[in-house]
Amino acid sequence: MIKVVKFGGSSLADAEHFRQVAEIVHSDKDRHYVVASAPGKRYAEDVKVTDMLYRCYEMVRAHEDITEYYEQIKKRYNDIIADLGLDFDISGELEYVKNAMLHASGRDFAASRGEYLNSLILAKFLGFSFVDAENVIYFKENGQFDAEKTQQMMQEELKKYEYAVVPGFYGSMPNGTIKTFSRGGSDITGSIVAGAAGADIYENWTDVSGFMMADPRIVKDPCSIATITYRELRELSYMGASVLHEDAIFPVRTAGIPINIRNTNRPEDVGTTIVATATTYDKKHIITGVAGHKGFSFINIEKDMMNAEVGFTRRILDVMEDYELPVEHLPTGIDTISMVIPTATLEGKREKILAAIERRARPDSVTIEDGIAMIAVVGRGMAKAKGTAARVFGAMAAAGINIRMIDQGSSELNIIIGVDDSDYETAISAIYHEFVK
Ligand code: ASP
(Lines give C-alpha, C1' and ligand atoms only; values in the text may rest on other atoms or scores of the structure.)
Protein backbone atom coordinates (compact mmCIF):
# COMPACT_ATOMS: atom_id res chain seq x y z
CA MET A 1 0.00 0.00 0.00
CA ILE A 2 1.29 3.48 -0.87
CA LYS A 3 0.15 6.59 0.93
CA VAL A 4 1.19 10.06 -0.18
CA VAL A 5 0.99 12.57 2.65
CA LYS A 6 1.03 16.33 2.32
CA PHE A 7 1.57 18.64 5.28
CA GLY A 8 0.42 22.24 5.14
CA GLY A 9 2.31 25.27 6.44
CA SER A 10 0.66 25.32 9.85
CA SER A 11 1.65 21.64 10.29
CA LEU A 12 5.30 22.57 9.67
CA ALA A 13 5.48 25.97 11.33
CA ASP A 14 7.94 25.05 14.10
CA ALA A 15 9.93 22.21 15.66
CA GLU A 16 7.03 21.00 17.77
CA HIS A 17 4.95 20.52 14.64
CA PHE A 18 7.87 18.81 12.89
CA ARG A 19 7.86 16.28 15.71
CA GLN A 20 4.13 15.66 15.35
CA VAL A 21 4.63 15.23 11.61
CA ALA A 22 7.46 12.73 12.15
CA GLU A 23 5.31 10.76 14.54
CA ILE A 24 2.49 10.62 12.00
CA VAL A 25 4.79 9.62 9.13
CA HIS A 26 6.74 7.01 11.11
CA SER A 27 3.62 5.47 12.63
CA ASP A 28 2.64 3.97 9.28
CA LYS A 29 5.26 2.46 6.97
CA ASP A 30 2.85 2.86 4.04
CA ARG A 31 3.44 6.62 4.18
CA HIS A 32 6.14 6.59 1.49
CA TYR A 33 6.08 10.07 -0.02
CA VAL A 34 5.77 13.30 1.89
CA VAL A 35 4.97 16.68 0.32
CA ALA A 36 5.84 19.70 2.43
CA SER A 37 4.71 23.34 2.53
CA ALA A 38 6.79 26.27 3.75
CA PRO A 39 6.59 27.14 7.47
CA GLY A 40 3.22 28.77 8.12
CA LYS A 41 1.95 30.88 10.97
CA ARG A 42 2.84 29.86 14.53
CA TYR A 43 0.26 32.22 16.03
CA ALA A 44 -2.45 34.49 14.60
CA GLU A 45 -0.27 37.58 13.96
CA ASP A 46 2.70 35.59 12.67
CA VAL A 47 3.81 35.88 9.01
CA LYS A 48 4.10 32.88 6.69
CA VAL A 49 7.60 32.33 5.32
CA THR A 50 6.15 32.43 1.78
CA ASP A 51 4.85 35.96 2.44
CA MET A 52 8.23 36.97 3.87
CA LEU A 53 9.94 35.74 0.71
CA TYR A 54 7.53 37.67 -1.50
CA ARG A 55 8.30 40.72 0.61
CA CYS A 56 12.05 40.21 0.13
CA TYR A 57 11.52 40.01 -3.60
CA GLU A 58 9.61 43.33 -3.55
CA MET A 59 12.31 44.93 -1.40
CA VAL A 60 15.03 43.93 -3.86
CA ARG A 61 13.02 45.42 -6.69
CA ALA A 62 12.63 48.63 -4.72
CA HIS A 63 16.41 48.64 -4.13
CA GLU A 64 15.92 48.29 -0.38
CA ASP A 65 18.41 46.43 1.78
CA ILE A 66 17.02 42.98 2.69
CA THR A 67 19.80 41.98 5.09
CA GLU A 68 17.89 42.60 8.28
CA TYR A 69 14.58 41.27 7.02
CA TYR A 70 16.21 38.15 5.58
CA GLU A 71 17.68 37.43 9.02
CA GLN A 72 14.14 36.72 10.21
CA ILE A 73 13.71 34.09 7.51
CA LYS A 74 17.04 32.54 8.41
CA LYS A 75 15.96 32.48 12.02
CA ARG A 76 12.75 30.60 11.24
CA TYR A 77 14.73 27.75 9.69
CA ASN A 78 17.63 27.83 12.10
CA ASP A 79 15.25 27.74 15.08
CA ILE A 80 13.54 24.64 13.70
CA ILE A 81 16.88 22.89 13.19
CA ALA A 82 18.20 23.91 16.61
CA ASP A 83 14.98 23.01 18.45
CA LEU A 84 14.93 19.61 16.78
CA GLY A 85 18.56 19.08 17.79
CA LEU A 86 19.39 18.23 14.18
CA ASP A 87 22.98 18.02 13.03
CA PHE A 88 22.35 19.94 9.84
CA ASP A 89 23.91 23.12 8.52
CA ILE A 90 21.60 25.00 6.20
CA SER A 91 23.55 28.28 6.21
CA GLY A 92 25.09 27.69 2.78
CA GLU A 93 21.65 27.14 1.25
CA LEU A 94 20.28 30.23 2.99
CA GLU A 95 23.16 32.34 1.67
CA TYR A 96 22.68 30.97 -1.84
CA VAL A 97 18.96 31.85 -1.80
CA LYS A 98 19.71 35.36 -0.59
CA ASN A 99 22.29 35.95 -3.31
CA ALA A 100 20.02 34.54 -5.98
CA MET A 101 17.29 36.95 -4.87
CA LEU A 102 19.69 39.84 -5.02
CA HIS A 103 20.56 38.85 -8.57
CA ALA A 104 17.08 38.96 -10.06
CA SER A 105 16.21 35.28 -9.88
CA GLY A 106 12.50 36.07 -10.10
CA ARG A 107 9.40 36.24 -7.94
CA ASP A 108 8.46 32.57 -8.23
CA PHE A 109 11.98 31.43 -7.42
CA ALA A 110 11.93 33.54 -4.24
CA ALA A 111 8.56 32.15 -3.11
CA SER A 112 9.45 28.56 -3.91
CA ARG A 113 12.46 28.54 -1.58
CA GLY A 114 10.07 28.38 1.38
CA GLU A 115 9.09 24.81 0.57
CA TYR A 116 12.54 23.91 -0.78
CA LEU A 117 14.35 24.74 2.47
CA ASN A 118 11.64 23.29 4.69
CA SER A 119 11.67 20.03 2.74
CA LEU A 120 15.45 19.72 3.06
CA ILE A 121 15.08 19.93 6.83
CA LEU A 122 12.12 17.57 6.93
CA ALA A 123 13.88 14.96 4.76
CA LYS A 124 16.85 15.07 7.09
CA PHE A 125 14.66 14.81 10.19
CA LEU A 126 12.62 11.90 8.82
CA GLY A 127 15.65 10.12 7.37
CA PHE A 128 13.99 10.21 3.91
CA SER A 129 15.51 11.05 0.52
CA PHE A 130 14.97 14.53 -0.93
CA VAL A 131 13.48 14.82 -4.42
CA ASP A 132 13.58 18.38 -5.73
CA ALA A 133 10.27 19.36 -7.37
CA GLU A 134 12.36 21.24 -9.93
CA ASN A 135 13.33 17.92 -11.53
CA VAL A 136 9.95 16.22 -11.44
CA ILE A 137 7.26 18.89 -11.95
CA TYR A 138 7.10 20.72 -15.26
CA PHE A 139 5.24 23.59 -16.85
CA LYS A 140 4.83 24.28 -20.56
CA GLU A 141 6.08 27.33 -22.40
CA ASN A 142 2.65 28.99 -21.97
CA GLY A 143 2.82 28.50 -18.19
CA GLN A 144 0.32 25.65 -18.03
CA PHE A 145 1.11 22.58 -15.99
CA ASP A 146 2.66 19.85 -18.18
CA ALA A 147 0.87 16.75 -16.89
CA GLU A 148 2.40 14.29 -19.35
CA LYS A 149 6.06 15.16 -18.86
CA THR A 150 5.57 15.47 -15.09
CA GLN A 151 3.91 12.06 -14.84
CA GLN A 152 6.77 10.41 -16.70
CA MET A 153 9.64 12.16 -14.91
CA MET A 154 8.01 11.89 -11.49
CA GLN A 155 7.31 8.17 -11.92
CA GLU A 156 10.88 7.47 -12.96
CA GLU A 157 12.30 9.43 -10.06
CA LEU A 158 10.00 8.08 -7.35
CA LYS A 159 10.82 4.51 -8.37
CA LYS A 160 14.35 5.12 -7.15
CA TYR A 161 13.30 5.88 -3.59
CA GLU A 162 11.26 3.92 -1.12
CA TYR A 163 10.75 6.95 1.10
CA ALA A 164 11.14 10.58 0.00
CA VAL A 165 10.16 14.18 0.68
CA VAL A 166 9.10 16.40 -2.23
CA PRO A 167 8.71 20.17 -1.73
CA GLY A 168 5.28 21.48 -2.69
CA PHE A 169 4.19 24.53 -4.66
CA TYR A 170 6.70 24.68 -7.54
CA GLY A 171 8.23 23.08 -10.61
CA SER A 172 10.25 24.25 -13.58
CA MET A 173 9.69 25.89 -16.94
CA PRO A 174 11.17 24.48 -20.17
CA ASN A 175 14.08 26.95 -19.85
CA GLY A 176 14.87 25.70 -16.34
CA THR A 177 13.53 28.66 -14.36
CA ILE A 178 11.31 28.05 -11.36
CA LYS A 179 7.55 28.52 -11.55
CA THR A 180 5.04 28.14 -8.74
CA PHE A 181 1.40 27.13 -8.76
CA SER A 182 -1.06 29.67 -7.35
CA ARG A 183 -1.15 30.25 -3.58
CA GLY A 184 -1.85 27.13 -1.56
CA GLY A 185 -0.43 25.10 -4.43
CA SER A 186 1.35 22.46 -2.33
CA ASP A 187 -2.03 20.70 -2.31
CA ILE A 188 -1.63 20.35 -6.07
CA THR A 189 1.89 18.94 -5.75
CA GLY A 190 0.57 16.36 -3.27
CA SER A 191 -2.10 15.34 -5.71
CA ILE A 192 0.38 15.05 -8.59
CA VAL A 193 2.77 12.94 -6.50
CA ALA A 194 -0.12 10.69 -5.45
CA GLY A 195 -1.13 10.23 -9.10
CA ALA A 196 2.41 9.44 -10.25
CA ALA A 197 3.11 7.10 -7.34
CA GLY A 198 -0.13 5.22 -8.02
CA ALA A 199 -1.01 5.86 -4.40
CA ASP A 200 -3.92 4.12 -2.70
CA ILE A 201 -4.72 7.30 -0.81
CA TYR A 202 -3.64 10.94 -0.69
CA GLU A 203 -3.62 12.19 2.88
CA ASN A 204 -3.75 15.96 3.13
CA TRP A 205 -2.76 16.96 6.67
CA THR A 206 -3.80 20.42 7.79
CA ASP A 207 -5.11 22.14 10.93
CA VAL A 208 -8.78 21.13 10.70
CA SER A 209 -10.37 17.68 10.88
CA GLY A 210 -11.84 17.85 7.39
CA PHE A 211 -14.99 19.53 6.17
CA MET A 212 -17.84 20.52 8.44
CA MET A 213 -21.48 20.25 7.43
CA ALA A 214 -21.84 24.01 7.92
CA ASP A 215 -19.69 27.04 8.65
CA PRO A 216 -18.65 26.86 12.35
CA ARG A 217 -18.81 30.67 12.54
CA ILE A 218 -22.57 30.36 12.03
CA VAL A 219 -23.44 26.95 13.48
CA LYS A 220 -21.88 25.99 16.79
CA ASP A 221 -19.87 22.74 16.64
CA PRO A 222 -21.27 21.47 13.36
CA CYS A 223 -20.97 17.75 12.57
CA SER A 224 -18.04 16.86 10.36
CA ILE A 225 -18.44 15.18 6.99
CA ALA A 226 -16.99 11.64 6.90
CA THR A 227 -17.33 11.01 3.16
CA ILE A 228 -18.00 13.42 0.32
CA THR A 229 -17.86 12.91 -3.45
CA TYR A 230 -15.85 15.19 -5.73
CA ARG A 231 -19.06 16.48 -7.28
CA GLU A 232 -20.60 17.30 -3.92
CA LEU A 233 -17.44 19.11 -2.96
CA ARG A 234 -17.66 21.21 -6.12
CA GLU A 235 -21.26 22.07 -5.29
CA LEU A 236 -20.12 23.08 -1.82
CA SER A 237 -17.18 25.06 -3.19
CA TYR A 238 -18.45 28.17 -1.41
CA MET A 239 -16.97 26.62 1.70
CA GLY A 240 -14.31 24.28 0.33
CA ALA A 241 -11.75 26.74 -0.93
CA SER A 242 -9.87 27.35 2.29
CA VAL A 243 -9.37 23.67 3.14
CA LEU A 244 -8.14 22.34 -0.20
CA HIS A 245 -6.88 24.03 -3.37
CA GLU A 246 -9.47 23.46 -6.12
CA ASP A 247 -6.88 22.36 -8.66
CA ALA A 248 -5.69 19.61 -6.33
CA ILE A 249 -8.68 17.51 -7.23
CA PHE A 250 -8.01 16.78 -10.89
CA PRO A 251 -4.81 14.64 -10.76
CA VAL A 252 -6.18 12.25 -8.15
CA ARG A 253 -9.72 12.25 -9.43
CA THR A 254 -8.69 10.94 -12.83
CA ALA A 255 -6.60 8.25 -11.15
CA GLY A 256 -9.45 7.30 -8.78
CA ILE A 257 -7.40 8.06 -5.65
CA PRO A 258 -9.36 9.23 -2.60
CA ILE A 259 -8.19 12.30 -0.66
CA ASN A 260 -8.30 12.13 3.11
CA ILE A 261 -8.23 15.50 4.88
CA ARG A 262 -6.61 15.06 8.30
CA ASN A 263 -5.72 17.20 11.29
CA THR A 264 -2.04 17.15 12.32
CA ASN A 265 -2.99 18.38 15.80
CA ARG A 266 -5.64 15.66 16.21
CA PRO A 267 -4.32 12.63 14.32
CA GLU A 268 -6.91 10.41 15.99
CA ASP A 269 -9.73 12.13 14.05
CA VAL A 270 -10.65 10.25 10.87
CA GLY A 271 -11.20 13.48 8.92
CA THR A 272 -13.07 13.75 5.65
CA THR A 273 -12.52 11.37 2.74
CA ILE A 274 -13.20 12.70 -0.75
CA VAL A 275 -14.12 9.92 -3.19
CA ALA A 276 -15.09 9.60 -6.84
CA THR A 277 -18.37 7.85 -6.20
CA ALA A 278 -20.22 6.70 -3.12
CA THR A 279 -23.08 4.23 -3.22
CA THR A 280 -24.26 5.00 0.28
CA TYR A 281 -25.04 8.21 2.10
CA ASP A 282 -25.55 9.36 5.64
CA LYS A 283 -29.16 8.24 6.26
CA LYS A 284 -29.32 10.09 9.52
CA HIS A 285 -28.65 13.51 8.06
CA ILE A 286 -29.63 13.04 4.37
CA ILE A 287 -27.73 16.16 3.33
CA THR A 288 -23.93 16.24 3.12
CA GLY A 289 -23.61 19.92 3.88
CA VAL A 290 -24.90 23.44 3.50
CA ALA A 291 -22.74 26.35 2.41
CA GLY A 292 -23.18 29.79 0.98
CA HIS A 293 -21.89 33.22 0.29
CA LYS A 294 -23.12 36.79 0.51
CA GLY A 295 -22.46 39.48 -2.05
CA PHE A 296 -24.41 38.41 -5.13
CA SER A 297 -26.57 40.47 -7.46
CA PHE A 298 -29.55 39.62 -9.67
CA ILE A 299 -29.84 41.10 -13.12
CA ASN A 300 -33.60 40.83 -13.68
CA ILE A 301 -34.94 40.96 -17.21
CA GLU A 302 -38.58 40.99 -18.29
CA LYS A 303 -40.08 40.80 -21.72
CA ASP A 304 -43.54 39.80 -22.91
CA MET A 305 -43.47 36.60 -24.98
CA MET A 306 -39.84 36.02 -24.06
CA ASN A 307 -40.40 32.27 -24.11
CA ALA A 308 -41.27 32.36 -27.83
CA GLU A 309 -38.40 34.59 -28.89
CA VAL A 310 -35.68 32.37 -30.31
CA GLY A 311 -32.16 33.45 -29.33
CA PHE A 312 -33.19 35.80 -26.51
CA THR A 313 -31.10 34.06 -23.85
CA ARG A 314 -28.11 33.91 -26.17
CA ARG A 315 -28.26 37.65 -26.77
CA ILE A 316 -28.14 38.51 -23.10
CA LEU A 317 -25.46 35.91 -22.42
CA ASP A 318 -23.41 37.44 -25.22
CA VAL A 319 -23.46 40.70 -23.27
CA MET A 320 -22.28 38.89 -20.15
CA GLU A 321 -19.45 37.34 -22.11
CA ASP A 322 -18.45 40.66 -23.65
CA TYR A 323 -18.14 42.16 -20.17
CA GLU A 324 -16.44 39.03 -18.77
CA LEU A 325 -19.11 38.45 -16.15
CA PRO A 326 -19.42 34.95 -14.67
CA VAL A 327 -23.05 33.82 -14.49
CA GLU A 328 -23.47 31.56 -11.47
CA HIS A 329 -27.16 30.76 -11.88
CA LEU A 330 -29.83 31.48 -14.43
CA PRO A 331 -33.33 31.07 -13.00
CA THR A 332 -36.15 31.70 -15.48
CA GLY A 333 -39.90 32.27 -15.67
CA ILE A 334 -42.02 32.34 -18.82
CA ASP A 335 -41.43 36.04 -19.46
CA THR A 336 -38.60 36.68 -17.03
CA ILE A 337 -35.03 35.66 -16.65
CA SER A 338 -32.54 36.49 -13.91
CA MET A 339 -28.81 36.12 -13.85
CA VAL A 340 -27.02 35.66 -10.56
CA ILE A 341 -23.51 37.09 -10.50
CA PRO A 342 -21.01 38.15 -7.83
CA THR A 343 -21.63 41.86 -7.11
CA ALA A 344 -17.90 42.63 -7.16
CA THR A 345 -17.67 41.66 -10.84
CA LEU A 346 -20.14 44.45 -11.73
CA GLU A 347 -17.81 47.12 -10.41
CA GLY A 348 -17.61 50.05 -12.82
CA LYS A 349 -19.66 48.26 -15.49
CA ARG A 350 -23.25 48.61 -14.33
CA GLU A 351 -24.51 51.32 -16.67
CA LYS A 352 -22.73 49.84 -19.66
CA ILE A 353 -24.18 46.38 -19.04
CA LEU A 354 -27.74 47.68 -18.65
CA ALA A 355 -27.36 49.71 -21.85
CA ALA A 356 -25.92 46.75 -23.74
CA ILE A 357 -28.77 44.45 -22.68
CA GLU A 358 -31.31 47.14 -23.70
CA ARG A 359 -29.68 47.46 -27.08
CA ARG A 360 -29.14 43.79 -27.85
CA ALA A 361 -32.24 42.15 -26.35
CA ARG A 362 -34.80 45.00 -26.27
CA PRO A 363 -36.43 43.84 -22.99
CA ASP A 364 -39.46 45.52 -21.37
CA SER A 365 -37.31 46.10 -18.30
CA VAL A 366 -33.87 45.30 -16.96
CA THR A 367 -32.76 46.04 -13.40
CA ILE A 368 -29.92 45.14 -11.07
CA GLU A 369 -30.59 44.13 -7.48
CA ASP A 370 -27.77 43.75 -4.93
CA GLY A 371 -27.58 42.26 -1.47
CA ILE A 372 -28.31 38.64 -2.28
CA ALA A 373 -26.79 35.62 -0.55
CA MET A 374 -26.66 32.26 -2.29
CA ILE A 375 -26.98 29.05 -0.33
CA ALA A 376 -26.28 25.53 -1.60
CA VAL A 377 -27.87 22.56 0.16
CA VAL A 378 -25.92 19.58 -1.10
CA GLY A 379 -26.21 15.82 -0.72
CA ARG A 380 -25.97 12.73 -2.88
CA GLY A 381 -28.81 11.29 -0.78
CA MET A 382 -31.24 14.05 -1.77
CA ALA A 383 -32.24 12.35 -5.02
CA LYS A 384 -33.28 9.22 -3.14
CA ALA A 385 -34.81 10.73 -0.02
CA LYS A 386 -38.25 12.13 -0.81
CA GLY A 387 -39.39 15.34 0.83
CA THR A 388 -35.95 16.92 1.17
CA ALA A 389 -36.99 20.10 -0.66
CA ALA A 390 -40.11 20.38 1.50
CA ARG A 391 -37.96 20.19 4.60
CA VAL A 392 -35.57 22.88 3.32
CA PHE A 393 -38.39 25.27 2.47
CA GLY A 394 -40.36 24.42 5.62
CA ALA A 395 -37.32 25.32 7.72
CA MET A 396 -36.99 28.61 5.90
CA ALA A 397 -40.68 29.43 6.37
CA ALA A 398 -40.52 28.56 10.06
CA ALA A 399 -37.55 30.91 10.43
CA GLY A 400 -39.53 33.68 8.72
CA ILE A 401 -37.18 33.91 5.75
CA ASN A 402 -38.32 35.11 2.35
CA ILE A 403 -36.80 32.94 -0.39
CA ARG A 404 -35.76 35.09 -3.32
CA MET A 405 -34.72 32.40 -5.75
CA ILE A 406 -34.75 28.61 -6.08
CA ASP A 407 -32.74 26.42 -8.42
CA GLN A 408 -32.23 22.67 -8.44
CA GLY A 409 -29.42 21.14 -10.45
CA SER A 410 -30.52 18.36 -12.80
CA SER A 411 -28.35 15.92 -10.88
CA GLU A 412 -30.61 16.41 -7.85
CA LEU A 413 -27.41 16.76 -5.91
CA ASN A 414 -28.19 20.27 -4.75
CA ILE A 415 -30.86 22.82 -4.05
CA ILE A 416 -29.71 26.40 -4.50
CA ILE A 417 -31.54 29.18 -2.69
CA GLY A 418 -31.15 32.93 -2.90
CA VAL A 419 -32.03 34.99 0.19
CA ASP A 420 -31.44 38.57 1.31
CA ASP A 421 -27.93 39.07 2.72
CA SER A 422 -29.48 39.93 6.08
CA ASP A 423 -31.17 36.50 6.26
CA TYR A 424 -28.04 34.55 5.38
CA GLU A 425 -26.90 33.33 8.80
CA THR A 426 -30.45 32.54 9.96
CA ALA A 427 -31.06 30.54 6.80
CA ILE A 428 -27.87 28.45 7.10
CA SER A 429 -28.63 27.73 10.71
CA ALA A 430 -32.30 26.85 10.03
CA ILE A 431 -31.40 24.41 7.25
CA TYR A 432 -28.62 22.78 9.25
CA HIS A 433 -30.83 22.23 12.27
CA GLU A 434 -33.65 20.85 10.15
CA PHE A 435 -31.38 17.97 9.12
CA VAL A 436 -29.15 17.63 12.16
CA LYS A 437 -31.31 17.25 15.22
N1 ASP B 1 3.55 28.16 0.74
C2 ASP B 1 2.64 28.40 -0.33
C3 ASP B 1 1.60 29.41 0.08
O4 ASP B 1 1.67 29.95 1.16
C5 ASP B 1 2.04 27.16 -0.88
C6 ASP B 1 1.33 26.28 0.11
O7 ASP B 1 1.50 26.42 1.31
O8 ASP B 1 0.56 25.41 -0.33
O9 ASP B 1 0.71 29.70 -0.68
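These figures come from a predicted structure and were not determined experimentally. Note that ligands are numbered from 1 as they come in the structure, with each ligand's atoms numbered from 1 the same way.
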S.K.: Decide, yes or no, whether a salt bridge links Arg262 with Asp269 under the criterion of side-chain N to carboxylate O below 4.0 Å.
M.R.: no
S.K.: At what distance is the nearest protein heavy atom to atom 4 (O) of ligand 1, and which residue and atom is it?
M.R.: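 The answer is Arg183 NH2, 2.9 Å.
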S.K.: Does the distance from a Lys or Arg side-chain N to an Asp or Glu carboxylate O, for Arg314 and Glu321, drop under 4.0 Å?
M.R.: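 So Arg314 does not pair with Glu321 through a salt bridge.
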S.K.: Would one find more than 12 heavy atoms of other residues, nucleotides or ligands at under 6.0 Å from atom CD of Glu68?
M.R.: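 Count not over threshold, so no.
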S.K.: Is Asp215 paired with Arg217 through a side-chain N to carboxylate O contact shorter than 4.0 Å?
M.R.: yes
S.K.: Using distance alone, decide if ligand 1 has a nitrogen or oxygen within less than 3.5 Å of any nitrogen or oxygen in Asp187.
M.R.: no
S.K.: Using non-hydrogen atoms of the residue, decide whether Gly184 is closer than 4.0 angstrom to ligand 1.
M.R.: yes
S.K.: Could you check atom 1 (N) of ligand 1 against the protein and tell me its nearest heavy-atom contact, residue, atom and distance included?
M.R.: Thr50 OG1, 2.7 Å
S.K.: Enumerate the atoms of ligand 1 whose separation from the nearest heavy atom of Ser37 is less than 4.0 angstrom.
M.R.: 6 (C), 7 (O), 8 (O)
S.K.: Report yes or no: is the cationic atom of Lys349 (NZ for Lys, CZ for Arg) under 6.0 Å from the centre of the six-membered ring of Tyr323, at an angle within 45° of the ring normal?
M.R.: no
S.K.: For atom 6 (C) of ligand 1, what's the nearest protein heavy atom and its distance?
M.R.: Ser186 OG, 3.3 Å
S.K.: Considering both backbone and side-chain atoms of Phe169, is one of its nitrogen or oxygen atoms within less than 3.5 Å of a nitrogen or oxygen in ligand 1?
M.R.: no
S.K.: Counting heavy atoms only, which part of Glu115 comes closer than 4.0 Å to ligand 1: side chain, backbone, both or neither?
M.R.: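 Within the 4.0 Å criterion, Glu115 contacts ligand 1 through side-chain atoms alone.
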S.K.: Out of curiosity, is Gly185 lining ligand 1, as in a heavy atom under 4.0 Å away?
M.R.: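 Yes, Gly185 has heavy atoms under 4.0 Å from ligand 1.
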S.K.: Can we say Lys294 and Glu425 salt-bridge, meaning some charged N sits less than 4.0 Å from an Asp/Glu carboxylate O?
M.R.: yes
S.K.: Does the Lys NZ or Arg CZ of Lys283 fall within the cation-pi geometry relative to Tyr281 - under 6.0 Å from the ring centre and within 45° of the axis?
M.R.: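 Pair Lys283/Tyr281 counts as cation-pi.
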